[in-house]
Amino acid sequence: MNHWLMKTEPSTFGIDDLERAPKRTTMWDGVRNYQARNLLRDDFAKGDRAFLYHSSCAVPGIVGVMRVVRAGYPDPTDRESARPTWYAVDVQLERRLSRVITLEELRAHATRCLAKLVLLQRGNRLSVMPVSAAHFEFILSLE
DNA sequence: GCCAACGTTGGC
DNA sequence: GCCAACGTTGGC
């Protein structure tokens, strides 16, 4: 069972939108980065849990926990796919956190508990990234 | 709006 | 295959 962190810009699609979506479920599409694509295609499994992360906003941070309800499949928004290039997954909101676990707060643990967290690595630009089980639990304990 | 950092593109 | 130019991401 893998754990993930998935970034979204709340001005485009955020936790409020996901909460209102039918079955609190959405197709996570539009990823156009090969490394992230490979994760979606090869490593995302039904039942995996993922943090929902708000980026490019006033208070960047983790706002919810999601469940992967459909593993990787060809992204239907990928128009020119004779062979599929891009992949999507379906995720369901499990719960909204009682508060935002902010990027600033995660950074406060960057030299210790969260030293290897991909989100905190220099120059990281992945929109979908793995989180270790230990990191996942630690972050939840901050709530 | 700025800018650092990275991915992608395309000329050679 | 190299690498400069360009585009994008995302925090601040």
Side-chain angles (χ1 to χ4, degrees), chain A residues 1-21 24-46 48-143:
Chain A
M1 185 77 46
N2 289 316
H3 298 79
W4 308 99
L5 183 146
M6 306 173 82
K7 289 182 187 173
T8 187
E9 300 188 12
S11 60
T12 303
F13 185 92
I15 193 164
D16 293 339
D17 301 293
L18 184 52
E19 224 169 21
R20 284 193 295 263
R24 304 180 6 140
T25 298
T26 191
M27 175 173 68
W28 202 275
D29 60 5
V31 173
R32 295 293 183 270
N33 169 282
Y34 285 103
Q35 201 178 340
R37 184 280 309 270
N38 293 347
L39 295 173
L40 292 173
R41 185 190 59 191
D42 304 331
D43 297 326
F44 268 65
K46 188 175 177 180
D48 286 354
R49 298 170 88 201
F51 285 133
L52 179 58
Y53 177 91
H54 279 175
S55 66
S56 295
C57 57
V59 185
I62 294 168
V63 296
V65 178
M66 306 185 292
R67 186 74 70 174
V68 176
V69 294
R70 184 179 173 189
Y73 60 96
D75 184 341
T77 67
D78 180 12
R79 309 301 260 142
E80 53 204 299
S81 55
R83 296 282 151 74
T85 301
W86 305 113
Y87 279 73
V89 298
D90 289 354
V91 288
Q92 179 173 40
L93 182 65
E94 191 170 276
R95 68 183 185 92
R96 179 192 281 264
L97 297 187
S98 58
R99 64 181 191 83
V100 180
I101 299 176
T102 65
L103 177 61
E104 182 182 25
E105 194 175 349
L106 297 173
R107 282 232 172 90
H109 298 279
T111 57
R112 303 185 56 208
C113 301
L114 299 179
K116 298 283 177 58
L117 188 69
V118 176
L119 181 73
L120 302 179
Q121 301 309 303
R122 184 180 128 95
N124 162 62
R125 286 173 48 188
L126 274 182
S127 63
V128 159
M129 67 192 80
V131 178
S132 73
H135 282 163
F136 201 91
E137 290 311 312
F138 176 78
I139 291 168
L140 280 179
S141 79
L142 297 174
E143 183 185 11

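We name chains A, B, ... by the order of the sequence lines, and we start the count at 1 in each one.
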Tell me: [atom1] of [X] to [atom2] of [N], nearest whole Å?
X	N	atom1	atom2	answer
A:Arg32	B:dT8	CZ	P	13 Å
A:Leu126	C:dG10	CG	C1'	13 Å
A:Met6	C:dT9	CE	C1'	17 Å
A:Arg107	C:dG10	CZ	P	12 Å
A:Trp86	B:dG7	CH2	C1'	10 Å
A:Leu119	C:dG11	CG	P	8 Å
A:Leu106	C:dG10	CG	C1'	15 Å
A:Leu103	C:dG10	CG	C1'	10 Å

Practice item. Between B:dA5, B:dT8, C:dG11, spot the one nearest the side chain of A:Tyr34, thanks. Key: B:dT8

Revision key, fill the gap. Per atom distances to the A:Asn33 side chain, the nearest of B:dA5, C:dG11, B:dG7 is B:dG7

Practice item. Please report the closest heavy-atom contact between A:Arg99 and A:Leu142, naming both atoms and the distance. Key: NH2-O, 2.8 Å

Exercise for review: Look at the rings of A:His3 and A:Phe136 and say which category their plane angle falls in: under 30° parallel, 30 to 60° tilted, over 60° perpendicular.
Suggested key: tilted

Exercise for review: Describe, in one word, how the ring planes of A:Trp28 and A:Phe13 are oriented to each other, choosing from parallel (under 30°), tilted (30 to 60°) and perpendicular (over 60°).
Suggested key: perpendicular

Review point. According to a strict under-4.0 Å criterion, is A:Lys7 in side-chain N/O contact with OP1 or OP2 of C:dT9?
Key: no

Check your understanding: Is any side-chain nitrogen or oxygen of A:Tyr53 closer than 4.0 Å to OP1 or OP2 of C:dT9?
Key -> no

Check your understanding: Which residue, A:Met6, A:Lys46, A:Arg70, forms the side chain to side chain contact (heavy atoms under 4.5 Å, CB included) with A:Val89?
Key -> A:Met6

Exercise for review: Answer with base, sugar-phosphate or nothing: what part of the nucleic acid does A:Ser55 contact at a heavy-atom distance below 4.0 Å?
Suggested key: sugar-phosphate

